[in-house]
Amino acid sequence: MQLSPEDLGAIWLTLKLASLVTLLLILMSTPIAWWLARTQSWFRGPINAIVAMPLVLPPTVLGFYLLLFLGPQGAIGKILDDLGLSPLPFSFSGLVVASMVYSLPFVVQPIQNAFIAIGDKPLEAAATLRSSPLNRFIYVALPLAKPGYISATILGFAHTVGEFGVVLMIGGNIPNETKVVSVQIYDHVEALEYGQAHTLSLLMVAFAFTVLAFLYSLQKRRKHQPAAGGLL
Amino acid sequence: MTKSNILKVRIRKYHLKDSNFSLDVDLNIPSTGVTALFGPSGSGKTTLLRCIAGLEKNQQSELSLSNEFWQTNKISLPAHKRPIGYVFQEANLFPHLTAAENLQFAIKRADKSQSVISYSEVIRLMDIEEILPQYPSQLSGGERQRIAIARALLIRPKLLLMDEPLAALDDSLKKEILPYLEAICHSSKIPIIYVSHSLDEVIRLADHMVVLEKGRVVEQGETQFLLGKLGTFFSRHKDASVVITGIITEQSAQWGLSWLHFDNQDIIVKQGNEKIGDQLRLRIQSKDVSLSLSPQEDSSILNRLTVIIDDMIKDPKDPSMVMLRLLAGSTPILARVTALSTHNLALSKGQTVIAQIKSVALLR
């Protein structure tokens, strides 16, 4: 059971996609999670719901709407076209955008829960020690939310690796451009290449187990620290 | 105390979220010594302290220290720009930092123009050298609170705010921490506002007192003066006491006693490590004072002061008892005796009597 160049291409593409998506999501989720954790605004409920929607919606629904919005006739697609940028569907960039939407709750929620667990007290103590709001965020909130960030990174990465429906809807299966491992497995099965499907599937199982085992053992060691995240 | 060096606090009808409680106070807090905010729980002490610190958003108030405005209806200085130190009820150390790093957090951000107290002095006063490498989760409640006090001092505040720093500790830990607090209160030149509902702590630590009830000020003034008044919250307290300050003028090694002189009178106390010329504070509880019309030379009680009855009122809670305000020179002493005794001895205002003091407690 050897991995074909196409299999290797799919693995590499998957890793590249998951890494990039995770990095971008961590950056984007930090302000969202902070706001959701601390605001008393009426908007908190609706925004929370929007962030959590990918948890319950079928990936095909997400993919369908993304296709509409990002396509040449869609609202965002038109703007991109006017700016002289190439359309997003069926491209790697499109896959990144779609994956970010798909994995958003898996990154926002652990960070948000970690911020909530910190509470007001350490931040008030910092305020009385001449620490400005930004300073408190960097030196108190971020270090205390570290377990949440670890969970968010692992979950965001793992969840992006495991996506299938959204990829198929918006990316199709262009080798080395949008064909990730899950799609490759699907193609193998369709072509009755069970051996190759087995190899890739086993790799995925091993990957999922390793990631989750690592995450849980991490949680156990950090008993006195804020919870690692709300999804586990 | 100069007038410009005063913390002025004026808070108009400040409502806490989701409650009927409102705070309405107008205070001038002296720039020296320890001012206690005293009152039962729910009286607004902590809320008032949080308003002073800037931790409570409040547009209706006016706050200034030495004519430097922290809060008016136009400006509102955020907490991190106010020159304060704050000790929370539960130490509130940063859990991700060691004790030493918690102190470093303050040192890095300290107001370098203020020289209040040196690092080594703080470490010595709080006796924390050995626990510096530990994380807060490895420390006892008392140790955590000592680190928290040290941290608040190292920010070099112009005003130190303490919110019931002993309330979360059990009695044995309270006794352990109190001497450290006394050391800070009496050796630092920073004015301190100390929130407490414990009369014992307040008597030991405070020079001035503000008594709060339901968000309003009911009494304020110097501790010594307030404690010696009848009809106040304190005189009705079961541990009603007065505080007397005097100077050691005589000692007897043979009997192990010291003579404390005040207002042309002497009180004899057990000799400790004080020396002749030292100033000392002692506390006399009203229930330890009894009265007689003539000096009882055949009594074992050593402390007999000639006093004038200044005022007397019935105890509103207990009709069998009477509270008396006695004057030893100009120093007030409270006595709590039975109504029957006052009748039998025919005690009246202006009368000169002998006050026998069964026991005194040295405060420092």
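Order of the sequence lines fixes the chain letters, A, B, ..., with proteins taken first and strands second; residue numbering starts at 1 for each chain.
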Using a cut-off of 6.0 Å, state whether more than 12 heavy atoms not belonging to [X] lie near its atom [atom1].
X         : atom1 : answer
Tyr139(A) : OH    : no
Phe164(A) : CZ    : yes
Lys112(B) : NZ    : yes
Phe92(A)  : CZ    : yes
His80(B)  : NE2   : yes
Phe64(A)  : CZ    : no
Phe207(A) : CZ    : yes

- Side-chain donor/acceptor of His96(B) to backbone N/O of Lys146(A), under 3.5 Å: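 A pair under 3.5 Å: no.
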- Item | Validation row: Phe105(B), Val140(A) side chains within 4.5 angstrom (heavy atoms) | yes
Examine whether an atom of [X] lies under 4.5 Å from a heavy atom of chain A, and if so say whether it belongs to the side chain, the backbone or both; otherwise answer neither.
X         : result
Arg82(B)  : backbone
Ala110(B) : backbone
Pro78(B)  : neither

- Note on the structure: With chain A, the option among Leu97(B), Leu154(B), Asp111(B) that has the most non-hydrogen atom pairs under 4.5 Å is Asp111(B)
- Message: I need the contact set between residues 119-130 of chain A and chain B: heavy-atom distance under 4.5 Å, sorted by residue number.
- Response: Lys121(A), Pro122(A), Glu124(A), Ala125(A), Ala126(A), Ala127(A), Thr128(A), Leu129(A), Arg130(A)
